[in-house]
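All chains are named by letter (A, B, ...) in the order of the sequence lines, taking the proteins before the strands, and each is independently numbered beginning at 1.
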Amino acid sequence: MTLVPEAYVVPLTLFSPLVFGVLAWLFDRDWVRETLGVIGAAVPLTVLSLAYEKASSGTISYTIDTGVFKLHFVLNSLSWYFAFIGALVGIAMAFGLSSTSRRGYDWLFSLMSFTGVMGVFLARDFVSLFLFWELMTFGSFMMVLRRNRHESLKYFVLSVIGAYSMLLAIGMVYAKTGTLDYAMASQTLLLLTKMGGVSKAYVDTIFALFLLAFGVKAGVVPLHVWAPGAYGENDQSYTSFFSGVLSKAGVYGFIITLFVMPSLYGIYFAMGTFHGHLTGTYLIAWAGAVTVVVASFLAVLQEDIRKLLAYSSVGQVGYIILALGVFNGVAVGGAMFHVLSHAMFKGLFWLISAALILRTGKTRFEDFGGLAEKMPVTFAMALIAVLSLAGIPPMAGFASKWLIYEGAIQAHMPLVAGTIFLGSALAFAYVVRFLYAVWFGQRPSDLDDVREAPLPLLVGMTVLAIPNIVFGIAPGLAVRLINRFFNTNITVNSYYSISTPTGTYNALSVTLVLIVGLAIAGLVYIYGANARKIKVTNTYQSGNPVTEEYNLVIRRNFYRPLAEALDFWLKYSWDRFYERLANLSEDFADWLREGFYNGNVQSYSWYLAIILLILAIWGVL
Amino acid sequence: MNGQYASLLVALPLISAFFVPLIKGLGGRAIKYYLTLITALQAGVAAWVFKTVYTTGKPIIVMAGGWRPPVGIDLYIGHFAALFVLIVALVSFFMAIFSFDSVSTEPTDKYAMLFLLLMLGATGMIATGDIFNLFVFMEITSITAYALTAYNKTGEAAEAAMKYIVLGGIGSSFFLIGITLIYGSTGTLNMAQLAQLAGSINPTVIKVGLSLLVFGLAVEAELFPLNAWAPDAYQAAPHPVTAMFSAFVVKAGLYALARLVYLFSHAAGWDFILKLLVIMATLTVFAAEFSALRQRDVKRMIAYSSISQVGLIALALSVGSQLGVQAGVFHMINHAVVKTLLFLTVGYVGVKVGGTGIENFSGLGRKMPLTAFALTVGALAAVGIPLFNIFWSKVWIIIASIEQGYAWEAGVVLAASVVEAVYYLRLIHTMWFGGWDGMRIRESLPLGTIALFLVLLILAIGVYPNPFWTLAKSAGTDIFNVSRYIANVPLMGVGP
Amino acid sequence: MSVPHIGLYYFGALSLVLVGIYGVLVKKNLLKILISLSIVETGVNLLLISVGYITGRSAPILSEGIGPKQAVDPIPQALVLTAIVIGVATTAMALSVAITLYEKYGTLNIEEIRRLRG
Amino acid sequence: MDERKDFGENDGVIHYELQEFKLFEPLFKWARKKSLWIVAFCTGCGGIEMPPLATARYDFERFGIMPNPAPRMADLFLITGYVTPKTLKRIIITYEMMQDPKYLLAHGSCPINGGVYWDSYNVVKQLDKYIPIDVAIAGCMPRPEAVMDGIMEIMRKIETGEADGWKRYRENYEYYRRNQDKLFGEGWREKEAKRWLAWI
Amino acid sequence: MFDWRLILDAIGILIYALIVGFIFMGIERKAMARIQRRIGPPIYQPIIDTLKLLGKKESVSHGFVYNFGPVFALGVSITALLFIPIANFQLFSSNADLIVVAYLLEVPMLGIMLGAMSSGNPYSALGVQRGLLTMVAMQLPYGLAIIALVQHWGTFKLSQLVALQQLQGWSITVPALALAFIVFDIVFQALLGLEPFDIITAPAEISMGPMVEYGGKHAALLFTQHAVQLFAETAFFAVLFFGGASNLLDLFLKQLLVLFIAIFVASIYPRFTIDQAAKFFWKWPTIIGIIAVLLTV
């Protein structure tokens, strides 16, 4: 830790992205802006990796006294873990942005949300959490505002409702405990619950408000409405950060309410139990389960690549919430690991979609096709991302999902575990749909001159692809880090093998046997006659001759039968519900204004008379 | 330079107002230069007073005619008064510069006179230590406000002025009834002595008296049912005047309200008054925000937003805890800065593009980039985005109100500020990403510098609020801590 | 201060105020409203004067026969002076606004003067 | 242009070279004999004779024969009945799609010499000019027994190596190609495909 | 470090599984034939078919992924096989557990899908769509059955599962797990792609579904994959519900039992359309699964 003195670790990680973002916005020259932006994203990564051993053993704390509040930040192993994931996806986003967006505006607000997220992870007291939460929301909102006003307003209103419910909860905690720091607030809150100073309803409202606040950002089902719009109508390489890391801020919020405020854990016992599980966490588990199912079903039926990835991201974060709700050691360990793997493969997915949209300019599945030959490297990255998201053994996605399976089934929450099975099958389905529609089959004529993705974007992709494979083959690495801040009873036998009380998974042996199996299959393949390549049109159409004009591919309504099977449920949509609510409130506003300020002096003086009447009555009593 | 020079604060505008007709002969521009000069001088005096009060820590007591307080009328310039008189002076100085090219209707000498009297009225209301003197200064402010609202000589301006007169007239008459009742039972008009005697007055008289006082001031401070005149007055008045209305005229009313309410904290039935004020304040925020939602006229929209922020300040002041009052004062400062910037920029767009309808604002980012940038910063600050100044005060107000048990009211206020975010961000979107008719307008230098100064001030407070927070804290204790107020005023031991 | 029939004056003043308020609330013509406003002001002034009255004492004009002990409490009298001046100023202002209103709207019925609303 | 030209280019020669298995050739020959998969493409009136073969009475599955819809996997191609030019186009395309050791069994007299439709304008009189035939079964729609006998004949020919229709097609592909183009005209595949495009 | 005994075991089991797998496919066709009172092909017919396909003189390909698909499918099937405790050979099952094997048994579907999709044939695209939908439909009951099982025995390790069942009797004997057995058996039908749920390769409708463009050695690869998969799945079924086996013969008999149940069901039922299959899976098997799961919690 010689290179970066300890006192500068936290401020550097916190404020360097914002500072460089402002610089990039000011010096809006072509390559100056990109270098500044990438440096801004690289600084947190380097500083954090240098501060690894100091942060994982002890803690680095840092306070800013702004007079009005004391903002207190601490870098311990938990916040280091989240911050490092954020920084990693951040550097990938920076590389992606340098090729997909040519505007200082994007750099300023993406790096502002980067600072916001870092602040949220490192915050140790409520007000700094709230401040950086608002900053993060504002930054990401401005990125969406430029492209689509309606979606951005929907996103902003929902996140501001979340933020303000958090402020209400903070106010209620402060009212009872008088402090804003996590630890002290939780200690006093615990004492109060013990001595009965705080009613159960009070604790329930605090919990509900926190659940609402963090649920909005994590995209739990009733509150996920903003996700497809906000993730879709955005510069895709920024969305890799937006959906990869900003949703983790919501997850981190859940962790705060569940773990970081230890005594709040005690409070949960005050909230009573529901046949064996804490009601609070049981609610979170079911919220996660519903999110997984609903979001995955919606993802499967989407026609637009951005919408599919957005709903899939909501679904995957639903897994994490579910695992947190299950609340036993293994499941929470699985949740933390899934935070890492989701950030990796979802970030990778969004960068791939950025490359696709950048090169082809199209976003709907029916316009894509046969890009595997034209963009081979991006295709390889897409395969890695697909394998990881679908949870195929050698990839990180599988390891984390495996832990979540184990945890959920062990904790005797059968129906919740059932939803995981359904969710992972749906994930498999929409991922294969993405592969089929974009990469294989007949290539539309206007995509023939598509070139490979630009170099910076490819570098960004590799930055995210490598951890997918590394943590896939060596899950022990990540679990050892997670065990440092949570006592998940997952034992790490070696780098490659992790085992829980009821099962074990040796990633290396699975990979080796897989390679051996592939070798055997390869041998059988080589033995046969060497295959010759034939054109796409030389295909069996019950004997009819086929030319290029024929459409040999099913890219639209790929899962039409599933939509027919589900048409009972698809009638209801949360989106229309919120739209009606918004119009209702705007009409109420119109009615109120027309009614109250109706321009007639007489009615105004009647209002005065009414108030006088009230005062007179009160005065006489 | 002992304390007595502080009386210049009141004397200077008064005398210079009456010199204006003499200068009328030299032509319109000369009057405006004269006006700027006077407001600059006033700002200098206010700054000197501010320095002395904050360095010595003791308030300046100016005794009219050398008589000791209960007999003579005294100006009590404590921490709050010093701070706010400086804000009044500065804002008037900026508006004087702004009125160079925004006020064109011909009797500019009348305009200058009214301008100075308005500033005088507001300064007086803040500085006075005597309730009848407060009534007189309130009347001066109101009458000049009526005149200035009607200044544009259009039908709407006259209509707005008429509404303001009718409602303001009723309000001030009942305020006077309140004063008579208080005077009848205590025999004194001096605030400090009133605070001492507050406990001993018989309950019904003090209840009716205090409620009427509060009613009178509530009309001036635009609380919910009584602020029907405000949006029309703001919209119809000339642009610099609207900025002055929202920056300090309303604040003076609010300060007087808070001062009187906390003076009578020992009186019977006091907490009902506080509860009533809290409810009225919450309703103000709620009604004003929702009415601003689908506004076609940006100036009226910002008027509603100013009314709602004033409601928020009223909530903070009437929460009844020291923290609440301090947060309220801090919000007063922030609100003054932000609203001046907003009305300045909107007014300037109204003058240059002709009309403040929302269609004139589309594509403003490319038409008048500096004004658009200032307006955006002002709007974002008003919404309460972190790194801007209102964020800090809003957080404290919410926490203070929840601490006093008003969680539901805090909830309603937060819901309303979500609505505020919606209409401000719609404005920002139309400005930066709306259609653009191609021609770029040159922006004037002085106003640009004022706007930039205010933007820098907003960002300074937003990034490092410590100095301003300590100012607000001391000003807040000055209002809340009545016993210190009584100790500071040298009372002659006379009276019943 | 507590004078038996003083209640009469208070009652008179308050009734004047109530009459004025009634006028503002009910009448449609703007001038009638302004007149009722000034009625309210006179009512308030009357109340202010009657508060300072002490029975059996003469007006507070210091001459040889009347000293501070024989005179009524002078302060409300002084206050009333300023209050009257303020009343005059407000009414004058209101009337000038009414003139411009009549010019622009062609009517004084406040039902029609409603361009600024919503 | 990828160097290994795609099959069916009209330069008269098939370029790709076949795989010659040395070691396991006898085993593969036996396997080819014992598992013949029939392309599910009943070209003419004899198609109705096919299902009885699969029923309990004749059951050609005993000999490892299985109907298989995809030409890529199939070996045996049954031409069941008269062949019109329209069907012949499909037959040629399916035949070329089948992978190499493939055998052709022509049913009835029509593929041999036009049979009953000897003077019809729309029937291919001699199928042999366009597609090499391994075994032809007589009879105006041979009964299932005759078809079984034909299949036995093909299996015997595979055994002895005589079933070399696919080799003949490769060697003098140019002859077959010329006949086909003479019948249908040059580039008939594109013209045929374009004709149906309007309906798809 | 390599313990040669394990590797020899693995190779032996692999060959054994390949042969027995082909025999199972043969038995399947033979039993279907016998039910239809036909003689049916010899038991080793699939071996002959695979040899013939391998022996094809030419081979056609639509690009790298088209070739990689079947190879990946066979590779993963072999991996899945080697992680199941076959009779007394533990193979690699100490390194993985129930969830890993369950996942590995489903991944070959991705391999076949990869190849089929890149072949650019509409029929194969339809086959892929139906294959995925079947998998999505059957995943919920499949999961519920596994959850019921694990909640009863409390462990995921297959070897431990087998040991427990040796001690306390097979899973079938436990009432709740009998329900799970029924659910798992219905799902097993879809896993194998047999009659009621063989919508994937519906021969009449979409000509062999995904495998339409496969010929020659690719088809041979797919056949071997199907054989290994068949053996692995029946072994997995036996391990879960019939308490594994002490020796190969015992395992073979249990696998036959499972296979015959599947064959009898397959030879009777007509084919479900895909949304009927989805609706069916989400109704009856899921309800039974939920009952089973609630009984064991």
*Where is the tightest heavy-atom contact between C:Leu37 and B:Gly169, given as atom of each residue plus distance?*
CD2-C, 4.1 Å

_Point-to-point distance, once rounded to the nearest 0.5 Å, from CD of B:Glu156 to CD1 of C:Ile113_ = 12.0 Å

*At a heavy-atom separation under 4.5 Å, does B:Gln235 approach chain C through its side chain, its backbone, both, or neither?*
side chain

*With a 4.5 angstrom heavy-atom cut-off, could you sort out which part of B:Tyr146 is near chain C: side chain, backbone, both or neither?*
both

*Do the side chains of B:Phe135 and C:Thr82 get nearer than 4.5 Å, heavy atoms only?*
no

*What do you reckon, is NZ of C:Lys32 surrounded by more than 12 foreign heavy atoms closer than 6.0 Å?*
no

_Tell me the closest heavy-atom pair linking B:Ser173 and C:Val44, and the distance in Å._
O-CG2, 3.8 Å

*asked:* For residues 84-94 of chain C, give me every residue with a non-hydrogen atom less than 4.5 Å from any non-hydrogen atom of chain B.
replied: C:Ile86, C:Ala89, C:Thr90, C:Met93, C:Ala94

*Engaged part of B:Arg300 at the chain C interface, taking heavy atoms whose separation is under 4.5 Å*: side chain

What side-chain donor-acceptor pairs closer than 3.5 Å can you find for residues 176-184 of chain B, not counting sequence neighbours?
{"residue": "B:Thr180", "atom": "OG1", "partner": "B:Leu176", "partner atom": "O", "Å": "3.1"}
{"residue": "B:Thr180", "atom": "OG1", "partner": "B:Ile177", "partner atom": "O", "Å": "2.3"}
{"residue": "B:Tyr183", "atom": "OH", "partner": "C:Asp73", "partner atom": "OD1", "Å": "3.4"}
{"residue": "B:Tyr183", "atom": "OH", "partner": "C:Asp73", "partner atom": "OD2", "Å": "2.5"}

_Contacting moiety of B:Ile140, where chain C heavy atoms sit under 4.5 Å_ = neither

*asked:* Is B:Thr154 close to chain C through its backbone or its side chain, or both, or neither, when contacts mean heavy atoms under 4.5 Å?
replied: backbone

*Checking heavy atoms, do the side chain of B:Ala150, its backbone, both or neither come under 4.5 Å from chain C?*
side chain

_Toward chain C, the part of B:Phe174 with a non-hydrogen atom under 4.5 Å_ = side chain

*Sort C:Leu30 into side chain, backbone, both or neither according to what part of it lies under 4.5 angstrom from a heavy atom of chain B.*
side chain

*Who wins among C:Ile110, C:Asn45, C:Leu34, C:Leu79 for the most heavy-atom pairs under 4.5 Å with chain B?*
C:Leu79

*asked:* Give me each pair satisfying salt bridge (charged side-chain N to carboxylate O under 4.0 Å, His left out) with a member in residues 157-168 of chain B, each pair once, sequence neighbours excluded.
replied: B:Glu159-B:Lys163, B:Lys163-B:Asp232

_Part of B:Ala236 within contact of chain C (heavy atom distance under 4.5 Å)_ = side chain

*Identify the residues of residues 17-27 of chain C whose heavy atoms come closer than 4.5 Å to a heavy atom of chain B, ordered by number, or report 'none'.*
C:Val17, C:Ile21, C:Val24

_Can a donor-acceptor pair be found, under 3.5 Å and without considering hydrogens, that links the side chain of B:Lys153 to the backbone of C:Thr100?_
no

*So does C:Tyr102 have more than 12 non-hydrogen atoms from other groups sitting under 6.0 Å from OH?*
no

